[in-house]
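What follows is a set of notes on a single structure, which appears directly below.
Here is how names work: the chains are called A, B, and so on, in the same order as the sequence lines, proteins then strands, and each is numbered from 1.
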Amino acid sequence: MHFFWLSTLDSKLLTPPPMSKQPQTAISPTRAENFPEWYQQVVRAADLAENSDVRGCMVIKPWGYAIWENIERRLDAMFKATGHENAYFPLFIPMSFLEKEAEHVEGFAKECAVVTHHRLEPDGKGGLQPAPSAKLEEPLIVRPTSETIIGATFARWVQSYRDLPILINQWANVVRWELRTRLFLRTAEFLWQEGHTVHATEAEAREETMRMLDVYADFAENTMAMPVIKGEKTAGERFPGAVSTFSIEALMQDRKALQAGTSHFLGQNFARAQNIKFQDENGQEVFAWTTSWGVSTRLIGGLVMTHGDDDGLMLPPKLAPAHVVILPIYRNDDEKTQVLAFCDALEKELAAQSFAGEPVRVRIDKRDLRGGEKKWQWVKRGVPIRAEIGPRDVASGKVFYGRRDSSAKLEAPRAEFVTNIANTLADIQQSLFARALEARKAATVQINDLATFKEFFASKDDEDSEGGGLAYCHFIESPAMDEILKSLKVTVRCVPLADADEPGKCIFTGQPSPRRGIFAKAY
RNA sequence: CGGGGCGUAGCUCAGCCUGGCUAGAGCGCUUGGUUUGGGACCAAGAGGUCGCAUGUUCGAAUCAUGUCGCCCCGACCA
């Protein structure tokens with residue numbers, strides 16, 4: 001008996017105190033406390049994705065996938081508007097295809113999944129094994145990117161200059177066998193789009209490369225509300241096999257940079273490797289010029305780290321699966337009938353409005369949950385506007401609502417709320433961008449000497465030092481620079497296109513440098 | 001592939017050092033009740049071959065050996 005009491009008491013005493021009933025923030029730890037952990041918690045709390053049974057691969061949950069669908073739909077429209085068509089190419093690529101472009105092999109060989117058999121058989125121990133008799137003549141690799149298989153196809157499609165340009169995009173999954181993975185930011189399998197184009201002239205291909213970079217920047221800033229810097233990658237950071245690589249770079253709230261999209265001018269490298277050639281107007285047989293460009297589900301990670309706060313995700317309205325969530329509040333059946341009638345009508349009125357060229361997306365959450373919990377679920381998921389409708393609002397014909405981008409509680413007559421909805425959403429979209437831009441400005445510096453550079457990046461990210469950020473510096477690529485950067489875990493992000501030439505001296509070697517590059521720690 | 005850690009309920013973990021009778025907690029879930037402009041409370045309940053294998057022992061979640069898997073830190077990456 002005594003023994004029982006003791007053990008019961010003990011287990012109670014040793015149990016950690018229950019979570020406080022009203023924590024300050026919906027997500028813990030906060031961004032300031034532990035940013036990487038905060039990121040993981042937001043991805044989970046916002047129902048975006050979870051780890052799967054397959055190492056390094058994620059399950060994208062409905063809310064997260066709905067965001068991806070919105071990204072896909074809007075980007076796809078932009079691709080179509082610039083003359084591209086969608087097609088689909090195989091998941092498997094013959095290994096020999098990868099071998100054709102030397103730099104390309106080197107870049108991807110280390111992280112390829114390889115298919116070697118086409119049949120399983122019992123292993124005699126109750127399990128299965130690849131059947132030795134079913135070994136493939138030539139192994140297939142699971143595409144890490146599709147330049148080679150698409151290039152081989154294009155080689156057949158192109159004979160005359162009249163066949164050009166070819167402007168193709170594919171939405172697909174790719175596999176890169178990454179060792180260290182993080183949901184959305186780096187997973188072994190991810191979803192993306194890859195554009196592949198073929199042109200008759202270098203100028204045209206270069207123009208295409210820049211056009212798509214502009215499309216990405218436009219999308220990032222105007223749809224994702226994520227400010228980006230367009231720039232060219234240095235030789236060291238270039239896509240394997242490309243002549244030049246351009247990217248859009250965003251700065252996250254922890255002051256680390258995220259490459260959010262890339263556009264490559266491939267020159268004639270892949271055309272040569274894959275024999276993409278055509279007869280020009282003069283009857284001459286010449287190699288074509290190609291480009292490729294892509295963005296991935298990584299953008300969702302960027303979204304989280306650009307706009308999220310300590311209460312969870314904060315979605316830019318243009319990508320939010322729901323613009324408005326209506327939360328009915330009632331105590332009894334009488335109120336329920338009235339409130340729900342009001343909510344249903346409100347839903348219809350809102351859905352008849354449009355925002356950014358699409359109908360306003362509304363959900364009513366009728367689940368039988370406590371109001372508080374229900375509200376917080378939607379806060380964490382980042383819905384731009386929550387309308388909380390109770391009997392008082394029904395009686396007064398008003399809508400009580402909260403904006404995710406501010407903690408303000410607002411109230412408006414129903415009709416006004418409805419007619420203003422597009423404006424409110426536009427305002428939220430704008431405020432998210434402005435805030436992110438402000439944060440980037442605050443974290444951006446110009447540095448002209450190595451000592452300051454080292455100090456800037458050596459400072460810890462924790463405490464109040466607010467270490468790191470984006471540094472604009474003069475540089476010339478060199479082994480000396482690489483070594484210093486490596487020791488600081490800093491990378492050259494790009495050489496911004498917007499900046500004018502400004503002669504100076506490389507802060508690493510003192511050599512003359514024509515313009516500045518941006519440096520940052522990166523994802 | 002180097003260095004460290006962990007596998008116990010759906011989730012987070014306690015118990016293991018010092019083996020012992022019916023293996024625990026919190027959260028979540030189900031049911032009933034009380035609440036209701038707010039992340040509620042009370043009660044009852046479902047849920048575990050303690051990663052797997054072998055060994056030591058009268059007896060293994062606990063000890064030993066092996067094995068598989070996962071996580072963290074390094075070298076590489078959208």
Throw together a table of side-chain donor-acceptor distances under 3.5 angstrom for residues 294-305 of chain A, partners on residues two or more places apart or in other chains.
{"unit_1": "A/Ser296", "atom_1": "OG", "unit_2": "A/Arg298", "atom_2": "N", "d": "3.0"}
{"unit_1": "A/Thr297", "atom_1": "OG1", "unit_2": "A/Leu191", "atom_2": "N", "d": "3.4"}
{"unit_1": "A/Thr297", "atom_1": "OG1", "unit_2": "A/Leu191", "atom_2": "O", "d": "3.3"}
{"unit_1": "A/Arg298", "atom_1": "NE", "unit_2": "A/Leu185", "atom_2": "O", "d": "3.0"}
{"unit_1": "A/Arg298", "atom_1": "NH1", "unit_2": "A/Gln259", "atom_2": "O", "d": "3.3"}
{"unit_1": "A/Arg298", "atom_1": "NH2", "unit_2": "A/Tyr523", "atom_2": "O", "d": "3.4"}

For residues 326-336 of chain A, run the donor-acceptor check on the side chains, cut-off 3.5 Å, and write out each pair with its distance to 0.1 Å, sequence neighbours left out.
{"unit_1": "A/Asn332", "atom_1": "OD1", "unit_2": "A/Asp334", "atom_2": "N", "d": "3.2"}
{"unit_1": "A/Asn332", "atom_1": "OD1", "unit_2": "A/Glu335", "atom_2": "N", "d": "2.8"}
{"unit_1": "A/Glu335", "atom_1": "OE1", "unit_2": "A/Arg331", "atom_2": "N", "d": "2.7"}

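In this structure, A/Lys100 forms a cation-pi arrangement with A/Phe97, its terminal cationic atom sitting closer than 6.0 Å to the ring centre and no more than 45° off the ring axis.
Contacts between residues 326-344 of chain A and RNA chain B, counted as heavy-atom distances below 4.0 Å, involve A/Ile329, A/Arg331. Within residues 169-178 of chain A, the residues that place at least one heavy atom under 4.0 Å from RNA chain B are, in residue-number order, A/Arg176, A/Glu178. Near RNA chain B, defined here as any heavy-atom distance below 4.0 Å, the residues from residues 388-396 of chain A are A/Glu388, A/Gly390, A/Pro391, A/Arg392, A/Asp393, listed numerically.
In terms of the salt bridge (Lys or Arg N to Asp or Glu O under 4.0 Å) criterion, residue partners of A/Arg31 (sequence neighbours excluded) are, by chain and number, A/Asp310. Not counting sequence neighbours, A/Glu101 has no partner by the salt bridge (Lys or Arg N to Asp or Glu O under 4.0 Å) test.
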Protein N or O to nucleotides 42-46 of chain B N or O, pairs below 3.5 Å:
none

Please tabulate, one pair per line, each protein N/O and nucleotide N/O from nucleotides 67-72 of chain B that are separated by under 3.5 Å, including the distance.
{"unit_1": "B/C72", "atom_1": "OP2", "unit_2": "A/Arg180", "atom_2": "NH1", "d": "3.4"}

statement: Per-nucleotide protein contact along nucleotides 1-10 of chain B, 5' to 3', at a 4.0 Å heavy-atom cut-off (B base, S sugar-phosphate only, - neither), is ----------
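Residue pairs meeting the side chain to side chain donor-acceptor pair (under 3.5 Å) criterion with at least one member in residues 52-66 of chain A, sequence neighbours excluded: A/Asp47-A/Lys61.
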statement: Read 5' to 3' with Watson-Crick or G-U pairs under 3.5 Å, [ ] for crossing pairs and | for partners on another strand, RNA chain B gives (((((((..((((......[...)))).((((((.....)))))).....(((((..]....))))))))))))....
